[in-house]
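This report refers to the structure that appears directly beneath it.
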Amino acid sequence: MCGIFGYVGNRQAGPLLVEGLKKLEYRGYDSAGIATINNGEIEIRKDVGKIEEIERKVALSSVGGTVGIAHCRWATHGGVTQKNAHPHVSLKNGISLVHNGIIENFSDVKARLEAKGYHFETETDTEVIAHLIDSHYRGSLKDAVLAALKELEGAYAFAVLSSKEPGTIVASRNECPLIIGVGKGENFVASDVPAVLAHTREVVYLKNQEVATLTATGVELFEKTGKKLRPDVHHITWDAAQAEKGGFPHYMLKEIFEQPFAVTETTEGRISDHEVLIPEIEQLLDVKRIIIVACGTSWHSGLIGEFMLEEVARIPTEVEYASEFRYRNPIIDTGTLVVAISQSGETADTLAAMREAKEKGATVLAIVNAVGSSIAREADVVLYTKAGPEIGVASTKAFVGQVIMLYLLTIHFGWRRHLLDEQQVRNRIRDLRLLPLQIQQILDEREEIRKLAKRFATRSNALYLGRGINYPIALEGALKLKEVSYIHAEGYPAAEMKHGPIALVDKEMPVVFIVTKDDRTYKKVLSNIQEVKSRGGHIIAIASKGDKEVNGTADEILRVPRNSYLLNPLLAVLPLQLLSYYVAVERGFDPDKPKNLAKSVTVE
Ligand code: F6R
């Protein structure tokens, strides 16, 4: 994920570009840069580091000119170096360009451009777009962009300048977000709305493969055929706080809605049709055993990881509460890989467990969301979940990112240890690609969950039950409910409940079963539902669409689309997150600020 910002008008662009970048820094902070057109010449400043550091080093904001583009990067193609930082240039026609996304056919296009004499300076796919536009330039930057789009495959949002047209920015997108801020005597382009709100509330949401040209006096819009379109300008009514929340009433809901992106961003650059790419673990492929250490929701994702790694990659895996692990004198040898999972990368217990493991000679791989955090810095290998900043105290999208990363690790280990053949890898990647749309479907059909929440909100206790790979989802559902609605809830393995918790069941007790179709425990869970039903429990089932067997057993059924048994948990968790959120709101609590909880637990 990267951030894009552009300005054209009559004010000095430098300070505005830096201010816009700061609003977008959550999208990427390993490097940043800006390009302006100053006295007819392209002027570029860029470097690695956070925006503040780069500003101190190279004074980004003092670049001259009243038109410019800016970028904050989270590397996917090419390492974190000054050279690979954006903007990228193609000098024949004074082209400079910033880009978010991945050009999938970049090596083919690159080969064609090299044959035409273009020389590549960087390892990025972005440079291909700059040269491609340059190669089509015949006096109109907009026409060159339209011609280039025909040759580009993949996801992109970009903004481009040419020193031959000093008062114009051209921008386009496909699958990656990009908006135009329409001002008075000035216009803006940005990766999201909050970045322009200090200047304008009039916004055009660019659609896939549309091309926009921005000058100080206007915005023109074209479809990919070159046909002119009338821009559809939306007036943003959100206040500043709402803007940060993307128009949602709470961060928690915004972040639940960002989960399709958490999947695509975390997999970006890591999958092709037939393989998973995790070059970072090349030295770790023959590990004998894995110990996962984590806390809270991250511990739940670890439990799903345990299931996947043992089932598919056949690596003995244990999951430990980080806070218990270090006081147990754990047995670790050089064949042990310790995997630390953390959203914040700052959780004191996870950090301490990881240090303990390193001291005992283990290699530590961290799965972390917050770039540059302590756990990321101290691990031997770090894999970032790219869920974006998680502000809501209750973790939602980071959990999805973690499970996705564990799934990618599992396929990679499975393939490299010859337990999956190429067709199986293809199938698992195909399943993964279905997920964002399936998540979106659940979000679109949330009304039923909201209605259920009204009834649920009056209860004082709840039981969440699941088996196998869905057992951690029962734990996660119960944790989410406790955290934000303060209703007491327990997650339990569905069959284990008859060894105790079933004593609590009566008609006042909602019992939530996760009973998705493709799990091998499906039939067993149906029997567990019968056991609870016969004791008068009120049963809510999270079940697969099209499953008729569950009808008649449960009092209420929330349906989720069907994927593979390994990915179904990521669909089952959605209604539980939404249920917790709506129950909290129904009970009058602010889900973003649960009492007694901190986002990052930096004390032991
Ligand atoms: C639950 C939640 C916490 C965190 C836990 C670990 O919604 O957010 O349980 O999962 O405190 O935090 P990280 O993942 O930052 O190490």
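All ligand and atom numbering here is 1-based and tracks the order in the structure.
- Heavy atoms of Val393 approach ligand 1 to within less than 4.0 angstrom.
- Interface of Ala394 with ligand 1, defined as ligand atoms under 4.0 Å from a residue heavy atom, comprises 7 (O).
- Under the side chain to side chain contact (heavy atoms under 4.5 Å, CB included) criterion, Tyr407 pairs with Met308, Ile411, Arg428, Asp431, Leu432, Leu566, Leu567, not counting sequence neighbours.
- Considering backbone and side-chain N/O of Gly345, none are found under 3.5 Å from N/O of ligand 1.
- With rounding to the nearest 0.5 Å, the separation of CG in Asp518 from OG in Ser544 is 6.0 Å.
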Please assess Lys23 against Glu19 for the test salt bridge (Lys or Arg N to Asp or Glu O under 4.0 Å), listing each intermediate value before the final yes or no.
CA-CA 7 Å; Lys23 290 257 165 19; Glu19 180 201 298; 5.1 Å; no
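- Taking a cut-off of under 4.0 Å to the non-hydrogen atoms of Gln343, the atoms of ligand 1 that pass are 13 (P), 14 (O), 15 (O), 16 (O).
- Of the residues listed (Val381, Thr266, Val339), the one engaging Ile367 in a side chain to side chain contact (heavy atoms under 4.5 Å, CB included) is Val339, and it is the only one.
- Taking any N or O of Thr297, backbone or side chain, at least one lies under 3.5 Å from an N or O belonging to ligand 1.
- Which parts of ligand 1 touch Glu483 is read off a 4.0 Å heavy-atom cut-off, strictly below it: atoms 1 (C), 2 (C), 7 (O).
- Against a heavy-atom cut-off of under 4.0 Å, Lys480 is close to the following atoms of ligand 1: 1 (C), 7 (O).
- Of all heavy-atom pairs between Pro493 and Leu465, the closest is O-CD2, 4.4 Å.
- Smallest separation of non-hydrogen atoms from Phe325 and Pro330: O-CD, 3.4 Å.
- By the criterion of a heavy-atom distance under 4.0 Å, neither the backbone nor the side chain of Glu346 is placed next to ligand 1.
- Interface atoms of ligand 1 facing Gly296, defined by a heavy-atom separation under 4.0 Å, are 9 (O), 10 (O).
- Under 4.0 Å is where a charged nitrogen must lie from a carboxylate oxygen, and between Arg416 and Glu282 at least one such pair does.
- The shortest N or O to N or O distance between Gln402 and ligand 1 is not below 3.5 Å.
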